[in-house]
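Step one of this worksheet: look at the structure below.
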Amino acid sequence: MFEDSMLESGGKIKSKSRYWMVATFSFWAVVLTILILIPLLYPEALPKNSLTASLTAPPPPPPPPPPPPPPQAIKPIPIVSEIDQGLHAPTKIPKDIKMIKEDAAPPPAGVGVAGMSGMGSGSSNGVFGGMGLGTATTPKINVAPPKPTGPARISGGVIAGMRTTFVQPAYPPIARAAHVGGTVVLHAIISKNGTIESLSAISGPDMLKGAATDAVRQWRYKPYLLNGEPTEVDTTITVNFNLNGS
């Protein structure tokens with residue numbers, strides 16, 4: 001009794017769980033084998049959707065796009081130069097050269113009157129030659145040149161050579177003390193008599209413009225002749241100021 005109640009007995013306690021495990025393993029092995037063999041032996045038992053999905057081939061790729069049309073041939077346009085429309089040298093030397101004779105020009109008709117003796121025949125002198133009056137001459141017509149409508153534009157170098165009266169500009173003391181020197185350019189209108197009608201400073205130091213204007217107003221020039229008549233002149237006058245005293 002005491003031995004039967006102990007866990008570690010001498011092998012008298014026996015269990016049947018070993019046979020149940022073997023039986024269970026064998027059962028599931030048979031079931032798994034049947035599940036594997038049925039699709040192989042009877043393929044119609046499988047679902048049709050899975051068979052069609054596995055057996056249908058993928059759709060073919062789309063065809064490539066058509067090639068672009070070939071470019072149209074550009075026809076050259078012949079260019080005819082105006083120079084080529086004249087005479088050209090022949091490309092081949094002809095064998096027979098034909099001489100073309102032109103009719104002589106008719107003699108010039110004389111101005112003489114037929115049937116009038118002593119007054120000359122139809123010669124170059126004509127009636128006037130026979131009458132002793134000599135050859136006829138066409139009268140000369142003298143056309144007066146147009147008169148100028150405004151001042152003539154003349155360069156400053158030409159006008160400087162026509163100056164008759166010169167007044168030396170006075171150097172302003174304030175400009176000399178400030179060591180200011182340079183060139184003053186004046187725009188002048190000279191009258192027909194050679195006097196200064198209009199004068200204005202174009203460029204130059206401001207300290208020197210007044211002295212240059214006062215001196216140039218006293219200058220005199222020879223009258224400028226255009227077509228033999230005196231005319232007004234539109235020009236420029238240059239005045240130089242040097243600190244050295246010249």
Side-chain angles (χ1 to χ4, degrees), residues 4-106 143 145-146 148-158 182-189 200-206 209 226 233-238:
D4 295 335
S5 63
M6 297 296 292
L7 293 175
E8 296 179 0
S9 60
K12 292 181 179 181
I13 302 173
K14 297 180 180 180
S15 175
K16 298 180 180 181
S17 60
R18 182 184 305 173
Y19 301 103
W20 283 104
M21 184 179 62
V22 173
T24 303
F25 180 77
S26 301
F27 173 76
W28 288 111
V30 172
V31 173
L32 182 61
T33 303
I34 293 172
L35 293 176
I36 294 173
L37 293 177
I38 287 175
L40 297 177
L41 297 177
Y42 302 98
E44 61 273 5
L46 293 175
K48 295 182 179 181
N49 294 333
S50 61
L51 290 176
T52 55
S54 61
L55 295 178
T56 54
Q72 297 180 357
I74 300 174
K75 297 181 180 180
I77 300 175
I79 300 175
V80 179
S81 177
E82 296 181 357
I83 301 176
D84 297 339
Q85 297 179 1
L87 300 176
H88 299 277
T91 57
K92 296 181 180 179
I93 300 176
K95 295 181 180 180
D96 299 334
I97 301 176
K98 297 181 180 180
M99 299 297 294
I100 300 175
K101 294 183 179 180
E102 296 181 356
D103 297 336
V143 179
T149 57
R153 180 67 179 174
I154 307 299
S155 64
V158 175
T183 301
V184 178
V185 180
L186 304 174
H187 175 256
I189 301 295
S200 61
I202 299 176
S203 63
D206 294 336
K209 290 180 180 180
L226 183 63
V233 173
D234 184 352
T235 185
T236 56
I237 300 175
T238 303

(message) Going by the rule side chain to side chain contact (heavy atoms under 4.5 Å, CB included), which residues pair with Ile36 if we only count those two or more places apart in sequence or in a different chain?
(response) Leu32

Which donor-acceptor pairs under 3.5 Å do the side chains of residues 182-189 make with protein atoms, sequence neighbours left out?
| unit_1 | atom_1 | unit_2 | atom_2 | d |
| --- | --- | --- | --- | --- |
| Thr183 | OG1 | Asn240 | OD1 | 2.9 |
| His187 | NE2 | Asp234 | OD1 | 2.7 |

(message) Looking at every heavy atom in both Lys209 and Ala201, which two are closest together, and how far apart are they?
(response) CD-CB, 3.8 Å

